[in-house]
Amino acid sequence: MCHVIVTCRSMLWTLLSIVVAFAELIAFMSADWLIGKAKTRSYAEPDNQTGGPSEPYHPTLGIYARCIRNPGMQPIQRETLCGPYAENFSEIASGFWQATAIFLAVGIFILCVVALVSVFTMCVQSIMKKSIFNVCGLLQGIAGLFLILGLILYPAGWGCQKAIGYCGHYASAYKPGDCSLGWAFYTAIGGTVLTFICAVFSAQAEIATSSDKVQEEIEEGKNLICLL
């Protein structure tokens with residue numbers, strides 16, 4: 001029989017696990033890792049609707065995607081065009097970014113699996129006599145290591161030709177040149193920190209769901225157990 005056990009610590013761990021997985025996934029897919037130097041439309045491109053000079057804009061570059069200003073020749077009314085610049089893995093601008101993509105993808109996959117499993121920890125707390133919380137915490141720690149490796153390698157690719165085209169000739173490994181770091185990079189760092197916090201917090205969730213008070217209520221025959 002399934003005993004649904006809900007505690008504040010286990011619920012908080014579940015919510016954090018889901019938030020971390022989504023945050024890392026969104027950051028990975030975003031083009032806002034590097035914000036390029038300001039550019040203006042070329043003279044061959046049409047001006048804005050007011051007829052005056054168009055304002056400078058900042059193109060952005062991600063691991064495999066980019067955002068540029070709509071040159072005015074597209075049949076859509078959007079200021080910027082965003083999408084992948086690489087049609088396949090081998091076309092990613094730098095070997096370091098290819099390694100970053102692999103490490104981040106593995107880490108995010110593990111986090112998504114843990115987030116999915118965490119939903120069911122309210123009903124199932126152990127598999128093969130091993131605590132799901134402890135197993136998930138270990139997996140989150142491993143995912144965090146993959147994320148760290150990816151984030152360390154990413155700046156090494158700033159010297160590639162693609163990055164130089166956005167950031168100027170002063171861009172090189174670990175030096176962004178005229179570029180600034182976008183929200184996606186900081187989100188990935190914040191998600192990595194939260195990943196390790198989740199890994200540590202999983203132990204607290206395990207303690208909360210296996211406390212003496214929980215065991216007493218299970219022995220009393222209760223199927224729904226909610227504790228603060």
Side-chain angles (χ1 to χ4, degrees), residues 18-50 52-109 111-112 115 146-147 150-192 194:
I18 295 173
V19 168
V20 165
F22 273 104
E24 290 289 347
L25 181 61
I26 292 172
F28 178 71
M29 297 173 63
S30 173
D32 293 329
W33 285 70
L34 280 177
I35 301 175
K37 60 181 181 180
K39 294 184 179 181
T40 57
R41 290 181 187 266
S42 65
Y43 290 108
E45 294 174 351
D47 247 345
N48 54 28
Q49 295 179 352
T50 62
S54 57
E55 296 180 358
Y57 74 102
H58 294 270
T60 60
L61 180 65
I63 298 172
Y64 67 91
R66 56 92 181 99
C67 285
I68 59 175
R69 173 168 281 185
N70 186 347
M73 295 177 288
Q74 301 290 335
I76 52 177
Q77 299 300 318
R78 282 191 291 180
E79 188 70 16
T80 58
L81 296 176
C82 298
Y85 67 81
E87 294 183 0
N88 53 63
F89 182 78
S90 62
E91 291 184 1
I92 292 178
S94 167
F96 290 108
W97 288 4
Q98 291 176 353
T100 295
I102 292 173
F103 284 125
L104 292 185
V106 173
I108 292 170
F109 175 76
L111 290 179
C112 289
F146 277 108
L147 296 177
L151 292 174
I152 290 175
L153 289 175
Y154 170 70
W158 289 346
C160 68
Q161 289 301 314
K162 191 76 173 179
I164 290 174
Y166 280 71
C167 306
H169 294 288
Y170 292 105
S172 60
Y174 296 97
K175 295 180 180 179
D178 296 328
C179 283
S180 59
L181 298 176
W183 66 265
F185 182 75
Y186 292 113
T187 299
I189 292 177
T192 301
L194 283 178

For A188 and T192 the tightest heavy-atom approach is O-OG1, 2.8 Å

*Are side-chain heavy atoms of I92 and K162 found at a separation under 4.5 Å?*
no

Review point. Is a side-chain N or O of S30 found less than 3.5 angstrom from the main chain of I26, in a donor-acceptor match?
Key: no

In short, G159 meets I164 closest at the heavy-atom pair O-CD1, 3.4 Å

Note: K37 and H58 closest approach over all heavy atoms is C-ND1, 3.8 Å

Residues at least two apart in sequence or cross-chain that pass disulfide (SG to SG under 2.5 Å) with C67, listed by chain then number, are C82

Applying ring pair (Phe, Tyr, Trp, His ring centres under 6.0 Å) to Y154 and not counting sequence neighbours gives W33, W97, W158, F185

To the nearest 0.5 Å, atom CD1 of I189 lies from atom CG of L147 at 11.5 Å

In this structure, CG of L34 is separated from SG of C167 (nearest 0.5 Å) by 5.0 Å

(request) Answer whether the closest heavy-atom distance between the side chains of L153 and F103 falls below 4.5 Å. (result) yes

Smallest heavy-atom separation, L61 atom then A163 atom, equals CD2-CA, 4.0 Å

Exercise. Would you find more than 12 non-hydrogen atoms of other residues, nucleotides or ligands less than 6.0 Å from Y85 atom OH?
Worked result: yes

Review item, side-chain donor-acceptor pairs of residues 173-184, under 3.5 Å, at least two apart:
| residue | atom | partner | partner atom | Å |
| --- | --- | --- | --- | --- |
| Y174 | OH | I152 | O | 2.9 |
| W183 | NE1 | D32 | OD2 | 2.7 |

In this structure, CZ of F146 is separated from CD of E24 (nearest 0.5 Å) by 14.0 Å

Smallest heavy-atom separation, A23 atom then T187 atom, equals O-CG2, 3.7 Å

Scanning both residues in full, the closest heavy-atom pair of S90 with Q98 reads O-NE2, 3.4 Å

